[in-house]
Every structure is written in structure tokens, then in C-alpha cells.
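Data first, discussion second: the structure below is written as C-alpha cells.
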Amino acid sequence: ILKNNYSETSKIKVGKYTLNLNSREIFLSKKVLKLTEQEIKMILYLVKSNKPVSINELQLQIWSYASTLETHTVETHIHRLRKKILDLFNDSNFILSTKTGYKIN
């Protein structure tokens, strides 16, 4: 029972996808994509937010970078994650860009 409960609590619905926190994988039908820990953190943060999340907020919350730091870490990770999702799932709308930040579709 404990093993089953642990397994079930590690699975989160993200739109049409299922995210497995234990294996760090995202699923759609029979397709499986391995994710990095930072990608998991970023997806979870975006899913939990009720509004688009700014680059500065992601820098601070995911990477603990001050907003005054000049870096393209967030943009680079978003770009790589979008490419991975597009290549395997043919989904170009998983992470959307808005005027105020990023959000999960």
C-alpha cells in the first residue's frame, strides 16, 4: 500500500501530460520524455502559478539568482524544454510566452 501511495502521489497531471516526479519523466500516451531536475522544478512552478511567471521570478525561485544578475538561464532552459517537447510530442504550445512571462498551456 505504501509503495502504491508513494507512486501515485508522485504523478501529477500537467494539461494532457502526466509528470512522474520519481522518475523525472513526462508521459503522453506511450511516449516518455526524460527531464532534468531543473525542468521539473520549472514545470511545477509554472503549473502552480495562476498567472504568467516572469523571467525574474523564475530566476529567483528556481535558480536563486537575483533579478539584477544578467543571465539567460531561464530563456535557455525554456528553449531547450520546448524543443524536447516539440521533438517528441509535436507540441509547440506546451509553454506559452505572454507579455508578462511564461505559462503552461
Side-chain angles (χ1 to χ4, degrees):
I1 293 173
L2 288 175
K3 186 177 178 182
N4 190 40
N5 284 344
Y6 179 73
S7 176
E8 287 305 313
T9 58
S10 71
K11 293 179 182 171
I12 297 171
K13 278 302 264 179
V14 179
K16 60 185 176 184
Y17 300 94
T18 302
L19 186 63
N20 186 316
L21 301 178
N22 294 334
S23 64
R24 290 196 311 223
E25 295 171 328
I26 192 165
F27 301 85
L28 180 65
S29 301
K30 296 190 187 290
K31 294 180 181 178
V32 180
L33 178 63
K34 192 78 172 160
L35 299 172
T36 67
E37 188 162 340
Q38 292 302 94
E39 289 168 338
I40 293 282
K41 287 180 185 178
M42 197 168 43
I43 290 170
L44 289 175
Y45 194 82
L46 291 172
V47 165
K48 290 178 183 176
S49 179
N50 294 330
K51 59 180 179 38
V53 180
S54 72
I55 291 171
N56 289 343
E57 186 176 344
L58 285 170
Q59 278 179 233
L60 182 62
Q61 297 301 322
I62 306 300
W63 287 275
S64 301
Y65 291 168
S67 62
T68 57
L69 190 63
E70 192 66 36
T71 178
H72 293 285
T73 300
V74 173
E75 295 95 327
T76 301
H77 277 80
I78 293 283
H79 173 76
R80 288 181 184 160
L81 180 56
R82 282 177 167 163
K83 182 164 177 20
K84 287 167 75 170
I85 297 286
L86 179 63
D87 289 350
L88 184 64
F89 302 117
N90 198 30
D91 183 354
S92 60
N93 293 315
F94 181 68
I95 297 177
L96 299 177
S97 297
T98 70
K99 289 181 181 180
T100 56
Y102 297 107
K103 67 179 188 173
I104 297 286
N105 188 20

State which residues pass side-chain hydrogen bond (donor to acceptor under 3.5 Å, both in side chains) with [X]; sequence neighbours excluded, sorted by chain then number.
{"X": "Glu75", "value": "none"}
{"X": "Thr73", "value": "Thr71"}
{"X": "Ser54", "value": "none"}

Applying ring pair (Phe, Tyr, Trp, His ring centres under 6.0 Å), which residue pairs with at least one partner in residues 26-53 are found, sequence neighbours left out?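 Qualifying pairs, neighbours excluded: none.
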Taking side-chain contact (heavy atoms from CB on, under 4.5 Å) as the definition, give me every residue that meets it alongside [X], ordered by chain and number, with sequence neighbours left out.
{"X": "Gln38", "answer": "Thr36, Lys41, Ile62, Trp63, His77"}
{"X": "Lys13", "answer": "Thr18"}
{"X": "Lys83", "answer": "Asp87"}
{"X": "Leu44", "answer": "Ile12, Leu19, Leu21, Ile40"}

Separation between [atom1] of [X] and [atom2] of [Y], rounded to the nearest 0.5 Å:
{"X": "Ile26", "Y": "Lys34", "atom1": "CD1", "atom2": "NZ", "answer": "13.0 Å"}
{"X": "Leu81", "Y": "Thr76", "atom1": "CG", "atom2": "OG1", "answer": "12.5 Å"}
{"X": "Leu35", "Y": "Ile85", "atom1": "CG", "atom2": "CD1", "answer": "6.5 Å"}
{"X": "Gln61", "Y": "Asn56", "atom1": "CD", "atom2": "CG", "answer": "11.5 Å"}

Carboxylate-amine/guanidinium proximity below 4.0 Å for Arg80 and Glu39: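 No, this pair does not count.
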Qualifying salt bridge (charged side-chain N to carboxylate O under 4.0 Å, His left out) pairs, either residue in residues 18-33, two or more places apart: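 Residue pairs passing salt bridge (charged side-chain N to carboxylate O under 4.0 Å, His left out), neighbours aside: Arg24-Glu37.
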Quick one: salt bridge (charged side-chain N to carboxylate O under 4.0 Å, His left out) pairs with a partner in residues 94-105, sequence neighbours left out?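 Qualifying pairs: none.
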Honestly curious: do Ile78 and Leu86 fall in one hydrophobic cluster under the side-chain, below-4.5 Å linking rule?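 No, Ile78 and Leu86 fall in different hydrophobic clusters.
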Can I get a per-line list of side-chain donor-acceptor pairs under 3.5 Å for residues 88-97, giving both atom names and the distance, sequence neighbours left out?
residue	atom	partner	partner atom	Å
Asp91	OD1	Asn93	N	2.8
Asp91	OD1	Phe94	N	3.4
Asp91	OD2	Tyr17	OH	2.6
Ser97	OG	Arg82	NH2	2.7

